[in-house]
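The block underneath contains the structure these notes are about, expressed in structure tokens.
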Amino acid sequence: MKAIGILTSGGDAPGMNAAIRAVVRTAIYYGYKVYGIERGYAGLLEKDFREMDLSSVGDIIQKGGTVLKSSRCDEFRTEEGRAKAVEILEEFGVGSLVVIGGDGSFTGANKLSQLGVHTIGIPGTIDNDLAYTDYTIGFDTATNTVIDAIGKLRDTSSSHDRVNIIEVMGRRCGDLALFAGIAGGAESIIVPEMDTKTEDIVKKLKTTQKRGKKHSIIVLAEGAENIEGGALGLRSALTIEDKADVRITVLGHVQRGGSPSAFDRILASRLGNKAVELLIEGKSGRVVGIKDNKVIDMDIDEALSMKKTFDDDLYEMAKILSI
Ligand code: F6P
């Protein structure tokens, strides 16, 4: 096998560095040369390669972000762009590529695989929106970041008898809102997958207030379009209908940063190690993931065609626990 390339692409996620470390160390252990490619597919097209050795991934397992940097690249979405990428990889003697990212990054990896580059995808996104794997790298850390914020907001919310709406990331996937909402004891959790209406939230607030609860935490997933006007619309409704004193916190990119949790570091280490093993076995066009705590791999096409299912049972449980 020729050298192995590695890049991180799309939105960064805590634990990407742990995955980079695992890929580099495993590849070197088995005698391969490794190139880190900076800024994802954009850096690939600009020949932004650097050879990585054992110490280049020292002291990064605990770091958030990605030492290889990340980007979203329009040129790579074109046929010409991808043909150019293949030529550049050949120029550097890179026959195999590990791509750490989400669904868009995997689509790119799949296209490269069809052009003869051996590719393996590692799921790195805080959204947990990939159906084939139970967890993506970064999701656990982001969940803990949200819980931390909920705890702090609950303190001040309680002091002032207020309602706090916390908007969290996740694009079209409500997992981050659901998991953080449960762990943070949120009174209401609003996700894109469930048809919660503004009036449901107003009703819920009135019920909890009746039993003497004066403050409330509402976790709102950014992709929950069923709530008219989003967080602002919800605040207006609660202010008018319930006369509640409402504050909004949009957590934003704080959720993407921070030192990865133990769970994410271990997941990233396992998946990085497996990705290289697959390349050594001559596999290509596959993604690695975790199912029932076992590392798995799957064809990229198959993985991308799977529809993510929302955990309705967990959502129903959250409703019971927050009555
Ligand atoms: O996909 C990861 C994610 O953080 C989403 O949760 C969010 O909607 C999006 O990326 C934000 O993207 P950007 O970093 O381009 O603002």
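Whatever order the structure lists them in is the order used to number ligands and atoms, beginning at 1. On a predicted model such as this, the values are computed, not experimentally measured, just so you know. Values below: every heavy atom of this structure, side chains too, minus hydrogens, waters and symmetry copies.
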Practice problem: Begin from the C-alpha positions of I296 and I290 and carry the test side-chain contact (heavy atoms from CB on, under 4.5 Å) through to its verdict. | Solution: CA-CA 6 Å; I296 56 148; I290 187 133; 5.9 Å; no
Exercise. Would you indicate which of M169, Q255, E222, H253 comes nearest to atom 8 (O) of ligand 1 when only heavy atoms are counted?
Key: E222
Self-check item: Which residue and heavy atom of the protein sit nearest atom 1 (O) of ligand 1, plus the separation
Solution: D127 OD2, 2.7 Å
Practice problem: Report the residue from K308, R171, R172 that forms a salt bridge (charged side-chain N to carboxylate O under 4.0 Å, His left out) with D129. | Solution: R171
Practice problem: With D12 as reference, evaluate R256, K69, K63 under the salt bridge (charged side-chain N to carboxylate O under 4.0 Å, His left out) test and give the passing residue. | Solution: R256
Quiz prompt | Heavy-atom nearest neighbour in the protein, as seen from atom 15 (O) of ligand 1, with distance rounded to 0.1 Å | solution = R72 NH1, 2.6 Å
Self-check item: With T208 via side-chain hydrogen bond (donor to acceptor under 3.5 Å, both in side chains) - residues at least two apart
Solution: none
Quiz item: Side-chain donor-acceptor pair under 3.5 Å between N144 and S261, yes or no?
Solution: no
Quiz item: Which of the atoms in ligand 1, numbered in the order shown and given with their element, are less than 4.0 Å from a heavy-atom of G170?
Solution: 6 (O)
Quiz item: Nearest protein heavy-atom contact for atom 11 (C) of ligand 1: which residue, which atom, what distance?
Solution: R256 NH1, 3.5 Å
Quiz item: Do ligand 1 and I126 have nitrogen or oxygen atoms that lie under 3.5 Å from each other?
Solution: no
